[in-house]
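These numbers come from the heavy atoms of this one structure, side chains and all, not from hydrogens, waters or symmetry mates. Here, residue 1 is the first one in the sequence, and each next residue gets the next number.
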Amino acid sequence: MPKSPSLFDFHLLLLFTIFSLAAADAIAAARPITQQFKEAPQFYNSEICPKIVGEDDESDNGTSIFLCSDQSVHVAMTLDSAYIRGSMAAVLSILQHSSCPQNIVFHFVASATANASFLHATISSSFPYLSFQVYSFDDSSVSRLISTSIRSALDCPLNYARSYLADLLPSCVRRIVYLDSDLVLVDDIAKLAAIQLGDNSVLAAPEHCNANFTSYFTLTFWSSPTLSLTFANRKPCYFNTGVMVIDLDRWRRGDYTKKIEEWMEIQKRTRIYELGSLPPFLLVFAGNIVAVDHRWNQHGLGGDNFKGLCRDLHPGPVSLLHWSGKGKPWVRLDANRPCPLDALWAPYDLLQTPFALDS
């Protein structure tokens, strides 16, 4: 005969219900879609900036010539409601430190399931003069290939969109600077965009050859007679995929999206790594990229993937601050537990505070 619930069980259930409702209310209250952002100042080109010829015209297929111009600096970023506060800060920092801000075109990639009209309206209201496009990314194209990693945020399908930029963006866009949403620039992005890729390289990024490269793959990978030969003819170094200059023409010709997907399929059968979308990039490109000065990705400011503890800057000059890792500056600032370097992100925060809304 089933045991009747005791008074203790009833109290436990009541507490659980109250906690669940409170948590649901907290989550609802914290939804980024309720956030409002200030309008950013308009930024103008300096006299030395090239004029984009025919910037108001359209090509035969209806695509803006300005959108396709090789004289434009093309920046690609993902866009979602959870990280939009970081994206807004990143965009402001790019424009503020650019000598030719009107020549920058932003290519935002959003999930097909996202509220695209809200995202578009949010960007437009804060940056009414910004040249940008929002592209829809079909999550199902990659969801079947994603394996669980050490942090759930790394398993988001949109985190893999950087592998599909060559397919998502117009074919006339030949070269882009890909940036994560948890960073700010304190230098002119045109300098980064001008990095030369040589005759064969597909991408450029800051390399970190002092990092323990073997730790990015499992013992299963390194003990395999075939898989362990992947880097046999290369000198692979770790690089962070949150800041990359990519030749999309070479990417398309080499069908590198397929190469990345092939490694993800292997991962589904045999666990060869633990870190989301990074290892497939390392498997395909490590040892074959153009090394960029470390100043262009002072990464790791968000701490590790578990605790997100405070970190200091790496030695040397700084052009880009990157809060990769678990800790995000806007979260720590809202919790009144900021790390010292979060103060460098705060000036670019466009969030409209309740006080400002009332005034």
Return yes when atom [atom1] of [X] has more than 12 non-hydrogen atoms of other residues, nucleotides or ligands closer than 6.0 Å, and no otherwise.
X: Arg337; atom1: CZ; value: no
X: Asn212; atom1: CG; value: yes
X: Lys235; atom1: NZ; value: no
X: Asp312; atom1: CG; value: no

Do Leu197 and Leu203 have side-chain heavy atoms sitting under 4.5 Å apart?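 Side-chain contact under 4.5 Å: no.
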Determine whether Val109 and Leu79 make a side-chain contact, defined as any pair of heavy atoms from C-beta on separated by less than 4.5 Å.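 Side-chain contact under 4.5 Å: no.
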Donor-acceptor under 3.5 Å ([X] side chain, [Y] main chain):
X: Lys326; Y: Gly302; result: no
X: Ser126; Y: Lys38; result: yes
X: Lys259; Y: Gly254; result: yes
X: Arg175; Y: Ala193; result: yes
X: Ser98; Y: Ile94; result: no
X: Asn45; Y: Gln102; result: yes
X: Ser201; Y: Gly198; result: no
X: Ser72; Y: His74; result: no

Working to the nearest 0.5 Å, report the span between CZ of Phe108 and CG of Leu119. 10.0 Å
Determine whether the aromatic ring centres of residues [Y] and [X] are separated by less than 6.0 angstrom.
X: Phe106; Y: Phe127; value: no
X: Tyr164; Y: Trp251; value: no
X: Phe239; Y: His208; value: no
X: Tyr216; Y: Tyr273; value: no
X: Phe213; Y: Phe231; value: yes

Give the intermediate values and the outcome of side chain to side chain contact (heavy atoms under 4.5 Å, CB included) for residues Val105 and Phe132. CA-CA 6 Å; Val105 180; Phe132 74 95; over 6 Å; no
Do the ring planes of Trp330 and Tyr83 sit parallel (below 30°), tilted (30 to 60°) or perpendicular (above 60°)? perpendicular
Please tell me whether [X] and [Y] have a donor and an acceptor in their side chains that are separated by less than 3.5 angstrom.
X: Asn297; Y: His322; result: yes
X: Tyr44; Y: Gln42; result: yes
X: Thr241; Y: Arg162; result: yes

Same cluster or not: are Leu283 and Trp222 linked, directly or through other Ile, Leu, Val, Met, Phe, Trp or Tyr residues, by side-chain heavy atoms under 4.5 angstrom apart?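 Yes, Leu283 and Trp222 fall within the same hydrophobic cluster.
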What side-chain hydrogen bond (donor to acceptor under 3.5 Å, both in side chains) pairs are there with at least one residue in residues 285-295, not counting sequence neighbours?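 Sorted result for residues 285-295: Arg295-Ser319.
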Provide the full list of salt bridge (charged side-chain N to carboxylate O under 4.0 Å, His left out) pairs with a residue in residues 135-148, sequence neighbours left out, each pair given once. none
Any salt bridge (charged side-chain N to carboxylate O under 4.0 Å, His left out) pairs touching residues 84-103, not counting sequence neighbours?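 Only Arg85-Asp334, Arg85-Asp349 qualify under salt bridge (charged side-chain N to carboxylate O under 4.0 Å, His left out).
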Taken in chain and number order and not counting sequence neighbours, the residues that satisfy side-chain contact (heavy atoms from CB on, under 4.5 Å) with Glu207 are Cys209, Cys237, Ile289, Ala291
Taking only residues two or more places apart in sequence or in another chain, which ones pass side-chain contact (heavy atoms from CB on, under 4.5 Å) with Leu344?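 Testing Leu344 for side-chain contact (heavy atoms from CB on, under 4.5 Å), a comparison that skips the adjacent residues, returns Leu321, Leu341.
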Residues passing the salt bridge (charged side-chain N to carboxylate O under 4.0 Å, His left out) test with Asp342, sequence neighbours excluded, are Arg332
